[in-house]
Amino acid sequence: ELETRIEQAAALFELPLDVPVASMSAGNKRRLLLTAAWAEQPDLLLLDEPTNHLDVATIERLESTIRDWRGTLVFVTHDREFLKKLATRILDLDRGKLRSYEAGYEKYLELREAEAKVEAEQAALFDKKLAQEEAWVRRGIKARRTRNEGRVRALERLRLERAARRDATGSAQGVLAESDRSGKLVMRCRGVGFAYEGGDSLVSGFNANVLRGDRIGILGPNGAGKTTLLRLLLGELAPTEGTVTHGTKLEVARFSQLHETLDPNLSVGENVAEGREMIVLAGGQRHVNGYLRDFLFSDEQIRGPITKLSGGERNRLQLARMLARPCNVMILDEPTNDLDLETLELLEDLLMGYEGTLLVVSHDRAFLDEVVTSTWVSEGAGVWKEYVGGYADWLRQRTPPAEPKAMKRAAAKAAAATDAAKPAAAKLGFKEKRELAELPTRMELLEAEKAELFARLADPALYTERAAEVAPTKARLAAIEDELEAAMARWMELEERSN
């Protein structure tokens, strides 16, 4: 049974089971973790940035599988599409306080914006009152009047309250330092092909013109050769066939998903400064330390080694390093991994105003829809095809993929094993036939009650005006879920025996 579960989970995530872990790509290592978790058949699944390094097809399969699963999921993610499709409740950790929102991601954004507005208004009123009281104390001291001690004590409490208040955490800030315009033709590919020695072809017969101002997304499964294609375009790899021609006046900036552009022997500040104290930006000169503070690095971090940074902080550092260099061609390889949503939105805003040429490899569907105008997609066997628009546009134009053979084989094997393990079923008796006929009606009634309870729990008034009803409502909903599951299992059993 365990082997069957492992094979099913591996087929679901298209994980090769005979490959040494040490030789696996980042995407396959992520698949391995998901396979190991899923094979456990858990009641509670905890996922920390599950979509990092996964290709879009695997992310969509994970979403579909979780939607059909009856267990409890708690996940941390920056993937907005993943959040929209799966989250039914949001836990927001802000300035040491955890707030719970019984809502999906888009509704949560509306509620959070409304709360932030109220919080800002209350803070402004508080600060106004504090300023008035401070002015009163100064006037009293200047005039040598007898002070109202009660009012003085109230002022001291206001000062303590203001000192304890934590203002909203700042968001990263940045500007793009664009260089002079490149020539109209940036890159030309003619009949480009490439395969590593002894391996399959990753690029075959590839023809493309990259013109100044193009914004191209690159999509494909893990191992399809997305990073290899970028290296061919940059001239870091020589094609085994065909040619790649570069245009004139190219100033290239690159963002690497594995942080190869960062030197682990240098401090955070030294990685960006490279011997300089000042950085020239579109808005003028900035000191390196001040520039890095805009990207939310503390003075201690700026002086410290990059080895102490988290994955998200390293991505933020690499982003700061890239933006500090004038460029007219930008190459981004999985730039959204581990980035917080605020920095991700900053990057989108900067790229929307970027007038140079952009090539980006990403599995972040919302990010691609925001920043690219055409997409190169791996069609298998080294073939790359261009589609107009971003991810959503590609979805409308593509041919739906067939179910992977490995998944079909695993499903067939599991079904055969299940059938072989079943004893010969007896025919239905009179009472069981009547039960089979009544079960669909019973399930319909349970589904209707379930929908009614969901609607009740979605009503904000329930939590403010009838808070005592929340717990019983949730308890009844859980009971209905159990009854529905049992009824469905019983119906399937009786239906199978009736055939």
Side-chain angles (χ1 to χ4, degrees), residues 7 9-35 51-62 187-208 210 216-245 254 256-258 260 331-334 337 359-363 368 374-387 391 394 397-411:
E7 287 183 6
L12 176 66
F13 297 112
E14 294 189 342
L15 175 74
L17 291 173
D18 56 349
V19 177
V21 175
S23 65
M24 282 184 169
S25 66
N28 274 341
K29 285 180 179 177
R30 188 54 53 106
R31 284 189 171 102
L32 173 60
L33 292 170
L34 289 170
T35 298
T51 63
N52 276 3
H53 306 294
L54 289 183
D55 56 65
V56 171
T58 306
I59 294 172
E60 290 177 337
R61 204 174 302 124
L62 177 62
M187 297 169 188
R188 175 185 287 125
C189 301
R190 288 292 176 265
V192 173
F194 183 84
Y196 290 102
E197 187 175 351
D200 295 330
S201 178
L202 296 176
V203 181
S204 177
F206 182 64
N207 295 295
V210 180
I216 300 169
I218 301 176
L219 267 179
N222 295 130
K226 300 184 293 294
T227 302
T228 299
L229 180 57
L230 286 182
R231 295 184 67 195
L232 287 168
L233 294 172
L234 291 171
E236 295 176 357
L237 283 177
T240 50
E241 58 184 46
T243 59
V244 177
T245 306
R254 184 178 178 187
S256 166
Q257 64 167 314
L258 299 179
E260 293 114 330
I331 308 290
L332 305 179
D333 191 0
E334 299 286 11
N337 284 348
L359 286 94
V360 54
V361 172
S362 181
H363 64 264
L368 287 172
S374 65
T375 310
W376 294 346
V377 182
S378 170
E379 304 280 308
V383 176
W384 293 83
K385 184 177 177 181
E386 183 170 2
Y387 293 84
Y391 170 78
W394 167 66
Q397 300 171 63
R398 70 170 179 170
T399 303
E403 186 179 11
K405 291 181 180 179
M407 196 180 298
K408 290 182 179 178
R409 285 198 302 270

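In this structure, L229 and L202 have side chains that are not in contact, with every pair of non-hydrogen atoms separated by 4.5 Å or more. Proximity of P239 to V203: side-chain heavy atoms (C-beta onward) are nowhere separated by under 4.5 Å. Counting heavy atoms from C-beta outward, L368 and T375 have side chains that stay 4.5 Å or more apart. Looking at T228 and L237, their side chains come closer than 4.5 Å, going by heavy atoms from C-beta outward.
Sparse packing is recorded around CG of D200, with 12 or fewer heavy atoms of other residues, nucleotides or ligands lying under 6.0 Å away.
Applying the salt bridge (charged side-chain N to carboxylate O under 4.0 Å, His left out) test to R190 and every residue at least two apart in sequence or in another chain returns nothing. By the side chain to side chain contact (heavy atoms under 4.5 Å, CB included) test, I59 is found to be paired with T51, L54, E63, D79, F82, H363, R365, residues two or more places apart in sequence or in another chain being considered. The side chain to side chain donor-acceptor pair (under 3.5 Å) check on D55 picks up R31, T58, with sequence neighbours excluded.
A pairwise comparison of heavy atoms in S378 and A224 identifies OG-CB, 3.6 Å as the closest pair. The minimum heavy-atom distance between M24 and V19, with the atom names listed, is CE-O, 3.8 Å. Between L15 and N28, the shortest heavy-atom distance links the atoms CD1-O, 3.6 Å. Smallest separation of non-hydrogen atoms from T35 and A10: CG2-N, 3.6 Å. Taking all atoms of both residues into account, the shortest heavy-atom contact from S362 to L219 is O-CD2, 3.6 Å. Smallest separation of non-hydrogen atoms from K226 and P221: NZ-O, 3.2 Å.
The aromatic rings of Y391 and W394 sit tilted, their planes meeting at an angle between 30° and 60°.
Taking CG of D333 as the start and CG of L359 as the end, the distance is 11.0 Å to the nearest 0.5 Å. Interatomic distance, N222 CG to E14 CD, rounded to the nearest 0.5 Å: 9.5 Å. Expressed to the nearest 0.5 Å, how far CH2 of W384 lies from SG of C189 amounts to 12.0 Å. Between L34 atom CG and R61 atom CZ the span is 11.5 Å, to the nearest 0.5 Å.
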One pair to check against side-chain contact (heavy atoms from CB on, under 4.5 Å): F206 and L232. What are the steps and the verdict? CA-CA 11 Å; F206 182 64; L232 287 168; over 6 Å; no
Start with the C-alpha gap between E236 and R254, add the side-chain angles, then the distance that decides, and say whether side-chain contact (heavy atoms from CB on, under 4.5 Å) holds. CA-CA 12 Å; E236 295 176 357; R254 184 178 178 187; 2.6 Å; yes
Kindly determine whether R398 and V377 satisfy side-chain contact (heavy atoms from CB on, under 4.5 Å), including the steps that lead there. CA-CA 10 Å; R398 70 170 179 170; V377 182; over 6 Å; no
Give the C-alpha distance, both sets of side-chain angles, the deciding distance and a yes or no for side-chain contact (heavy atoms from CB on, under 4.5 Å) between L62 and F13. CA-CA 8 Å; L62 177 62; F13 297 112; 3.7 Å; yes
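One N or O on the side chain of T240 and one on the backbone of G193 form a donor-acceptor pair closer than 3.5 Å.
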